[in-house]
Each structure stands twice: as structure tokens, then as C-alpha cells.
Novice: 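Following this message is one structure expressed as C-alpha cells.
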Amino acid sequence: MSEFFEQTIQPHFNFWIYVILMMLGLWAVIAKKNMIKKLIGLSIFQTAIILFYVSIGVKEDATIPILDHHGPEHHEVVHENGEHIEDAETSAHPEEVHEKKGDHSHGDDHGHDDHATDPDTMANPLPHVLMLTAIVVGVATLGVALAICQMLFKEFGTLEEDEILAELKDSASDD
Amino acid sequence: MIFSFDIIILIFLVIAAVISLSVKDLLSASMIFGIYGFLICLLWAEMGAVDVAFTEAAVGAGVSAVLLIATVFNTKRRSSD
């Protein structure tokens, strides 16, 4: 049992929960009779799919995908260079320091080694960006659906699906 | 990603979803759906998707809960299921 948990459930725990949430949402959309409950189910379904996509981008021991060009790491590198040159104690070195600083201000040749970022240290941001759009679109569709629910309530006086269907059947048989 | 944190949030997420779908009072369902939204926002932040977390906190948890509550106040509060 514990072996099953460690090998099957634990490494893919996000995906198990994603499936559970998605089936909860699908069940609510199909089986619930109240329109608002259906919409809550639809939103849960949507967040489950977003959970799936964001879980794809997760890496082990990875941080947030933000590049920090002027962060503490960069200053540390400059500081190390300066200390190294001070230790050498030669008359020619101050000029070298000056040249190096000039190079730094131009920023032409040092970029590749200093700023090369290992992509394994960051979560993959591509699914995040795609899902950002999905969240906004989802809230927009939820707003439109709730507006339609209010119109339904004005028309039929209820939000229950079966009552609305019965009323529609009655009005159809009257015609 | 911190696995123990992850597992706690995901379990609370499922509990919040089940309660939100099973209460008969629609106002409570909307509020618990707001809790669900903030929990999933916490989950995005924990998984390293901070931009998605910001958007979910503002738009998903805030606006959609407000829209749901406004609709519940304009219609009926009781639900048959």
C-alpha cells in the first residue's frame, strides 16, 4: 500500500486531484438541477484543467520564472573580480579594472557567461502565460452565463432546470 | 514545489469543491466557491506560477464570487439540490 502510494500517487498527486476535480465539475454540470450550481461546477471544471496545465510546468527544486539581472548574484561576481585584481598588486591592473568597467557599461561581451540562466532552476512559464488568458476568459463567460440566469429567472420565476423544462413543455402544448 | 504544502492545499481544494456543490443555500455555495478560488490561488503561488496566482486572486476569487453573490441576491437563494 505504501509502495503503491510512493510510486503511483505521490509523484502525480496534482494529476490525481486534477482528475477528481474535473469529474466533480462534470458531474455538477450534468446532474445538478440548479443553474447556479451548474455554473459553479463549470468553474471547477475549468480550474481543474488550468491545474493540469500549470502542473506540467512544475519542476523539482525550481523557483518562480523571474530573471533578476541586477540581483545579488551579479554584484557578487563584480565584487569577486575586484578582489582578485586587488590581490594581484601590479601597476598595470588599475587600467585593466577601468577597461573592464568600460566593458561592463557597454555590456557587449559579458552577457553570455554572467547572465546565462539554467532553465532547470525555474518553472516553465509557457503554460502559465497560456492559462492566464484562460482564467480571464473563464470569468467573462461566467459573467455572461450569470446574466443569462437572471434573464431566465425574470422569464420563468425559477432557476431549477426541471421546472423550466416543464414550463416550456406546458407552453408548447398550449400552442 | 513543496510536496507537504501541495498535498494539504489539494485536499482542502477537493473538500471546498465538494461542499460548494453540495450545500443547498446558494449564498453559502458562492462563499465557499470564493474560498475555493483563494485556495487555488495559494496553490498557483506554491507551484511557482505567481502571475497566474495574481490573476486568480483578483479575477477568479474576487470578481467571480461577487458576480455569483449578486446573481443570488437578484434571484432565489434556495436550491433544490
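These numbers come from a predicted model, not from an experiment. Chain letters run A, B, ... following the sequence lines, proteins first, then strands; residues in each count from 1.
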Novice: Could you have a look at B:V63, B:D6, B:V72, B:L13 and say which one has the most heavy-atom pairs with chain A under 4.5 angstrom?
Specialist: B:D6

Novice: Grab the two heavy atoms, one from B:S64 and one from A:L142, that are nearest each other, plus how far apart they are.
Specialist: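 Between these two residues, the closest heavy atoms are CB-CD2, 3.4 Å.
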
Novice: To the closest 0.5 Å, what do you measure between CG (B:L21) and CG (A:N34)?
Specialist: 11.0 Å

Novice: Examine whether an atom of A:D162 lies under 4.5 Å from a heavy atom of chain B, and if so say whether it belongs to the side chain, the backbone or both; otherwise answer neither.
Specialist: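 A:D162 has no heavy atom closer than 4.5 Å to chain B.
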
Novice: Determine the minimum heavy-atom distance between B:A17 and A:L21, stating which atoms define it.
Specialist: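 Distance-wise, the nearest heavy atoms are CB-CD2, 3.8 Å.
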
Novice: Could you state whether B:V66 and B:M31 fall into the same hydrophobic cluster, counting links through intermediate Ile, Leu, Val, Met, Phe, Trp or Tyr residues with side-chain heavy atoms under 4.5 angstrom apart?
Specialist: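 Per the 4.5 Å side-chain linkage, B:V66 and B:M31 are not co-clustered.
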
Novice: Out of A:K33, A:K37, A:K32, which residue meets the side-chain contact (heavy atoms from CB on, under 4.5 Å) rule with B:S80?
Specialist: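 For B:S80, the side-chain contact (heavy atoms from CB on, under 4.5 Å) check succeeds only for A:K33.
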
Novice: For B:L43, which atoms come within 4.5 Å of any heavy atom of chain A: side chain, backbone, both, or neither?
Specialist: side chain

Novice: Which heavy atom in B:D51 sits nearest to a heavy atom in A:L132, and how many Å separate them?
Specialist: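 For B:D51 and A:L132, the tightest heavy-atom pair comes out as O-CD1, 3.5 Å.
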
Novice: Does A:I64 share a hydrophobic cluster with A:I56, counting links as ILVMFWY side-chain heavy atoms below 4.5 Å and allowing steps through other members?
Specialist: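 A:I64 does not cluster with A:I56.
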
Novice: Drop me the distance from B:T71's OG1 to A:M35's CE, to the nearest 0.5 angstrom.
Specialist: 13.5 Å

Novice: Output the distance between atom OG1 (B:T75) and atom CG (A:L159), rounded to the nearest 0.5 Å.
Specialist: 4.5 Å

Novice: Give a yes or no on this: more than 12 heavy atoms of other residues, nucleotides or ligands lie within 6.0 Å of atom CE of A:M122.
Specialist: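 Counting other residues, nucleotides and ligands, CE of A:M122 exceeds 12 neighbours.
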
Novice: Tell me, for A:E160 versus chain B, whether the close heavy atoms (under 4.5 Å) come from the side chain, the backbone, both or neither.
Specialist: side chain

Novice: Taking every non-hydrogen pair under 4.5 Å, which of A:V139, A:T63, A:L152 racks up the most with chain B?
Specialist: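 Going by pairs under 4.5 Å, I would pick A:V139.
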
Novice: Is there a path of hydrophobic side-chain contacts, each under 4.5 Å between heavy atoms, that joins A:L67 and B:V50?
Specialist: no

Novice: Answer with side chain, backbone, both or neither: which region of A:L146 has an atom nearer than 4.5 Å to a non-hydrogen atom of chain B?
Specialist: both

Novice: Taking all non-hydrogen atoms of both residues, which atom of A:T47 and which atom of B:E56 are closest, and how far apart?
Specialist: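 A:T47 and B:E56 have their closest heavy atoms at CG2-OE2, 4.4 Å.
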
Novice: Considering only heavy atoms, which portion of B:L26 lies under 4.5 Å from any heavy atom of chain A: side chain, backbone, both, or neither?
Specialist: side chain

Novice: Would a single hydrophobic cluster contain both A:I49 and A:L24, if residues Ile, Leu, Val, Met, Phe, Trp and Tyr are joined by side-chain heavy-atom contacts under 4.5 Å?
Specialist: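 As far as the 4.5 Å side-chain criterion goes, A:I49 and A:L24 are connected within one cluster.
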
Novice: Evaluate the criterion side chain to side chain contact (heavy atoms under 4.5 Å, CB included) for residue pair B:K76 and A:T158; output intermediate values, then yes/no.
Specialist: CA-CA 7 Å; B:K76 248 189 341 194; A:T158 177; 4.1 Å; yes

Novice: Between A:A134 and chain B, which part of the residue has a heavy atom less than 4.5 Å away: side chain, backbone, both or neither?
Specialist: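 Neither part, no heavy atoms under 4.5 Å.
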
Novice: For A:F13 and B:I7: C-alpha separation, side-chain torsions, deciding distance, then whether side chain to side chain contact (heavy atoms under 4.5 Å, CB included) applies.
Specialist: CA-CA 7 Å; A:F13 194 68; B:I7 206 164; 3.3 Å; yes

Novice: Given heavy-atom pairs under 4.5 angstrom as the criterion, report whether the side chain, backbone, both or neither of A:L51 touches chain B.
Specialist: both

Novice: Does atom CZ (A:F15) have a neighbourhood of more than 12 heavy atoms from anything else shown, all under 6.0 Å?
Specialist: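 Enclosed.
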
Novice: B:Y36 versus chain A, heavy atoms under 4.5 Å apart: side chain, backbone, both or neither?
Specialist: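 For B:Y36, side-chain heavy atoms alone lie under 4.5 Å from chain A.
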
Novice: Please say whether more than 12 non-hydrogen atoms of neighbouring residues, nucleotides or ligands are located less than 6.0 Å from CZ in B:F12.
Specialist: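 For B:F12, atom CZ is not crowded (no more than 12 foreign heavy atoms under 6.0 Å).
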
Novice: What closest approach, in Å, do A:P65 and B:G48 show between heavy atoms, and which atom pair accounts for it?
Specialist: CD-O, 3.2 Å

Novice: Taking side chain as everything from C-beta outward and backbone as N, CA, C, O, which of these in A:I44 sits under 4.5 Å from a heavy atom of chain B? Side chain, backbone, both or neither.
Specialist: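 The answer is both parts of A:I44.
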
Novice: Which heavy atom in A:Q150 sits nearest to a heavy atom in B:N74, and how many Å separate them?
Specialist: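 That would be OE1-ND2, 3.5 Å.
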
Novice: Please say yes or no: joined through hydrophobic side-chain contacts below 4.5 Å, possibly via intermediate residues, are B:V59 and B:F33 part of one cluster?
Specialist: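 They do share one cluster, since a chain of ILVMFWY contacts under 4.5 Å joins B:V59 to B:F33.
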
Novice: Kindly compute the distance separating OG (A:S43) from CD1 (B:I40), expressed to the nearest 0.5 Å.
Specialist: 10.5 Å

Novice: Which region of A:L39, side chain (C-beta onward) or backbone (N, CA, C, O), has a non-hydrogen atom less than 4.5 Å from a non-hydrogen atom of chain B, or is it both or neither?
Specialist: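 No part of A:L39 comes within 4.5 Å of chain B.
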
Novice: More than 12 heavy atoms of other residues, nucleotides or ligands under 6.0 Å from CZ of B:F54: yes or no?
Specialist: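 Open.
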
